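Take a look at the structure below.
Just so it is clear, the structure is predicted and the values come from calculations on it, not from any experiment. All residue numbers refer to positions in the sequence shown, counting from 1.
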Amino acid sequence: YYNKYFKKSFALKNYTAEKLADLVEHIKDTLGVSEKTSFLEAKLDEDAPVAKFVKFAEDHRRERQRRLDAGDETAEIKFPRNAP
């Protein structure tokens, strides 16, 4: 599905992750890895309102900004730029 909608293949390096667990760490409020099966599982209900996702995104943005202001350079998200 990723290729169909974004017209490029999915690669963890595009999200500054080396392992799937690193990527899941960025979206831990909405997606997790089951300890029993090691499969991905949704943490929110199927009918969760979009406002909830927006709230999560804004809360995490504010937290990253607070950490950056405090001097924590690891809080910055660096997405690689693709050549045109």
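Listed by first and then second residue, the ring pair (Phe, Tyr, Trp, His ring centres under 6.0 Å) pairs that reach into residues 8-31 are Y2-F10, F10-Y15, sequence neighbours excluded.
Between F53 and T30 the shortest side-chain heavy-atom distance falls below 4.5 Å.
Note on E58 versus K55: no salt bridge recorded, every NZ/NE/NH1/NH2 to OD/OE distance being 4.0 Å or above.
Residue E73 qualifies as open at atom CD: its count of foreign heavy atoms under 6.0 Å is 12 or below.
Taking each heavy atom of E25 and K28 in turn, the nearest pair found is OE2-NZ, 3.2 Å. Residues L12 and L20 come closest through the heavy atom pair CD1-N, 3.6 Å. Annotation for K43 and D29: closest pair CB-O, 3.7 Å, computed over non-hydrogen atoms. Nearest heavy-atom pair across G32 and V24 is CA-CG1, 4.0 Å.
In this structure a side-chain-to-backbone donor-acceptor pair under 3.5 Å is missing from D45 to D47.
The structure places CG of D59 at 10.5 Å from CZ of R64, a figure rounded to the nearest 0.5 Å. Atoms CZ and CG, on R61 and L68 in that order, are 11.0 Å from each other to the nearest 0.5 Å. Summarising the geometry, atom CG belonging to L44 is positioned 9.5 Å from atom CG belonging to L31; distances are rounded to the nearest 0.5 Å.
Note: the hydrophobic cluster containing F6 also contains I27 (ILVMFWY, side chain heavy atoms under 4.5 Å, direct or indirect links).
Considering R66, H60, Q65, R67 in turn, R66 is the only one that fulfils the side-chain hydrogen bond (donor to acceptor under 3.5 Å, both in side chains) rule with E63.
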